[in-house]
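Scroll down for the structure; my scribbles are underneath it.
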Amino acid sequence: MSEIFADLIIEHAAQLLTLNTSKNRPVLRPVKEDLGIIEDGFVAIDDTGCIVATGKTGDINISLKPGGRRISARGRVVMPGFVDPHSHIVFGGSRIEEIKMRLSGKTYLEIQEAGGGINFTVSATRRASEEELLNRAGQVISFMLKHGTTTLETKSGYGLNKEVEIKMLHIINELNKKHHMDIVSTFLGAHLVPKEFLNNRNEYIRLLIEEMMPAAGEVAEFCDVFCEKGAFSVEEARKILLAGKSCRLLPRIHAEQLSCIGGAELAGEIKALSADHLEYISREGICSMAANGVVAVLLPGATFFMNLDRYAPARTMIEEGVPVALATDYNAGSCWTCSMQMIMSLACIKMKMTPEEAIVASTVNAACALNRDSLAGTLEKEKHGDVIICDVPDYSLLPFYFGANHVVTVIKKGKVVFE
């Protein structure tokens with residue numbers, strides 16, 4: 001048996017969840033076998049930050065390099081760091097007053113019409129300094145990291161002009177350099193038509209396509225559109241997302257959150273990486289996404305925080321072969337959780353997902369939604385050593401001890417960044 005050297009060894013895990021199986025990715029209709037469980041398991045990581053071996057503790061000859069570290073995970077679950085594929089963490093201002101409006105019975109659209117919602121945050125973000133936006137987003141990242149998130153997608157969309165949208169994207173890239181987390185950037189200039197263009201929306205769409213997107217294509221990876229009544233129509237979203245493709249921006253879409261207008265069908269048509277929200281998705285939309293391999297990124301935290309009754313039909317989507325991922329949707333006004341663990345709890349309790357489905361949706365499938373499945377979402381040789389240790393003896397407990405942080409150690413690319 002050849003000897004393997006490592007800089008970090010996590011061993012004696014009650015359950016090591018590798019998520020490494022022979023199934024294609026993303027994983028459809030996840031079951032227990034898709035978790036790749038190794039009892040009394042270990043994972044070893046070298047100085048490049050990549051995994052060099054996994055297995056049952058003692059079965060493989062692993063030696064620590066000088067100065068290396070060995071961590072016992074006895075009685076605990078070890079698994080990949082969470083991948084959060086949908087958030088909006090860069091913004092200015094506070095929408096705390098909207099909670100009172102919501103509690104009094106005001107709807108999302110009524111709050112927006114009263115001067116709240118996205119437009120309120122746009123005004124505050126335009127006024128905010130780069131330092132203020134960086135510091136505030138950095139605090140959110142720190143909370144997310146402590147709750148086990150090691151890869152995060154986040155969007156622009158609170159500038160709605162070229163100057164501030166591009167500034168937001170540069171801030172996202174700066175956050176990626178400064179923090180112990182991989183942060184993926186998405187251009188969301190098509191979040192809403194800003195107030196100054198309400199009577200000339202075609203001109204704003206022209207600005208998006210001809211001026212903002214070419215600049216965004218230099219600093220962002222994805223393009224997103226809020227396809228919804230009061231935001232952008234299916235026809236407008238198609239035009240914007242196809243223009244994004246020509247600027248090397250991969251398409252994603254906010255779809256069917258508050259009504260069903262055909263956004264999910266559009267996601268299938270243009271082969272978007274993901275369609276997100278989907279509370280009002282139609283049977284046709286489900287079929288289109290399944291046929292074209294579009295990942296459904298479900299956001300039960302937003303439904304819960306907005307006190308809405310209709311959650312995305314996760315069970316139907318899974319049964320029909322749509323790959324399902326989960327995300328926090330942390331944003332300025334409609335969801336303030338940093339915890340993927342809480343999202344898994346809501347997914348199981350409110351959307352009837354199993355713990356196995358929720359874990360797959362928060363790791364490997366979420367990585368697929370970000371085109372990161374070659375780097376994150378599973379624990380296997382040569383992938384990033386993004387690992388969390390959870391203080392529970394069995395993975396099935398994770399969603400049901402809700403509201404608590406079970407993560408006691410976070411490792412990012414082989415470095416312990418929280419414990």
Side-chain angles (χ1 to χ4, degrees), residues 19 23-30 34 80-89 144 148-155 157 172 181-188 220-227 241 244-245 249-257 263-264 266-268 270-279 281 285-286 288-302 312 314 317-318 320-331 335 340 343-344 347 351 353 357-378 383-384 386:
L19 281 293
K23 276 197 177 178
N24 292 331
R25 295 166 185 163
V27 180
L28 309 181
R29 306 178 185 89
D34 295 313
F82 295 121
V83 178
D84 184 349
H86 184 125
S87 76
H88 310 248
I89 68 168
M144 288 181 164
T149 297
T150 53
T151 300
L152 174 72
E153 182 269 3
T154 200
K155 309 173 194 294
I172 292 167
M181 189 185 288
D182 285 323
I183 303 174
V184 183
S185 61
T186 296
F187 172 62
L188 183 58
E221 187 168 343
F222 301 104
C223 178
D224 200 344
V225 175
F226 187 18
C227 183
L241 291 171
K245 276 189 173 183
L249 294 166
L250 299 175
R252 307 179 69 208
I253 186 169
H254 285 57
E256 332 292 38
Q257 180 185 9
L266 174 62
I270 65 171
K271 293 181 167 49
L273 259 74
S274 76
D276 303 20
H277 283 291
L278 305 172
E279 288 85 349
I281 190 170
I286 290 172
S288 177
M289 289 178 63
N292 291 283
V294 181
V295 179
V297 176
L298 308 185
L299 312 169
M317 285 190 270
I318 290 169
E320 294 296 326
V322 176
V324 168
L326 293 169
T328 60
D329 192 23
Y330 184 96
N331 69 76
C335 192
M340 286 293 289
I343 296 302
M344 288 198 300
M351 299 194 299
M353 291 174 66
E357 290 165 348
I359 289 171
V360 166
S362 303
T363 54
V364 60
N365 281 9
C368 290
L370 296 182
N371 209 23
R372 289 294 189 282
D373 49 301
S374 64
L375 301 173
T378 66
K383 292 183 74 167
H384 286 169
D386 297 353

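Any value given below was found using the heavy atoms of this structure, including those in side chains, with hydrogens, waters and symmetry copies removed.
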Heavy-atom side-chain proximity of Ile343 to Pro300 below 4.5 angstrom: yes

Sidechain-backbone polar pair: Thr154 side chain, Ile89 backbone, donor-acceptor under 3.5 Å: yes

Mutual orientation of the aromatic rings belonging to His277 and His254 [parallel < 30°, tilted 30-60°, perpendicular > 60°]: tilted

Donor-acceptor pair, side chain of Glu221 and main chain of Leu249, under 3.5 angstrom: no

Any side-chain heavy-atom pair of His88 and Asp329 under 4.5 Å: yes

Main-chain N/O of Val324 paired with Asn365 side-chain donor or acceptor, under 3.5 Å: yes

Any donor-acceptor pair under 3.5 Å from Thr378 side chain to Val364 backbone: no

Check: His86 and Lys155 side chains under 4.5 Å, non-hydrogen atoms: yes

Salt bridge (charged side-chain N to carboxylate O under 4.0 Å, His left out) evaluation trace for Asp373 with Arg25: CA-CA 8 Å; Asp373 49 301; Arg25 295 166 185 163; over 6 Å; no

Evaluation steps, salt bridge (charged side-chain N to carboxylate O under 4.0 Å, His left out), between Asp34 and Lys23: CA-CA 8 Å; Asp34 295 313; Lys23 276 197 177 178; 3.2 Å; yes

Sub-4.5 Å side-chain heavy-atom contact between Phe82 and Met144: no

Check: Cys335 and Leu299 side chains under 4.5 Å, non-hydrogen atoms: no

Min side-chain heavy-atom separation Arg252-Leu370 under 4.5 Å: yes

Met351 side chain near Leu326 side chain, heavy-atom distance below 4.5 Å: yes

Minimum heavy-atom distance between Ala267 and Ala275, given as atom pair plus value: CB-CB, 3.8 Å

Heavy-atom side-chain proximity of Thr150 to His384 below 4.5 angstrom: no

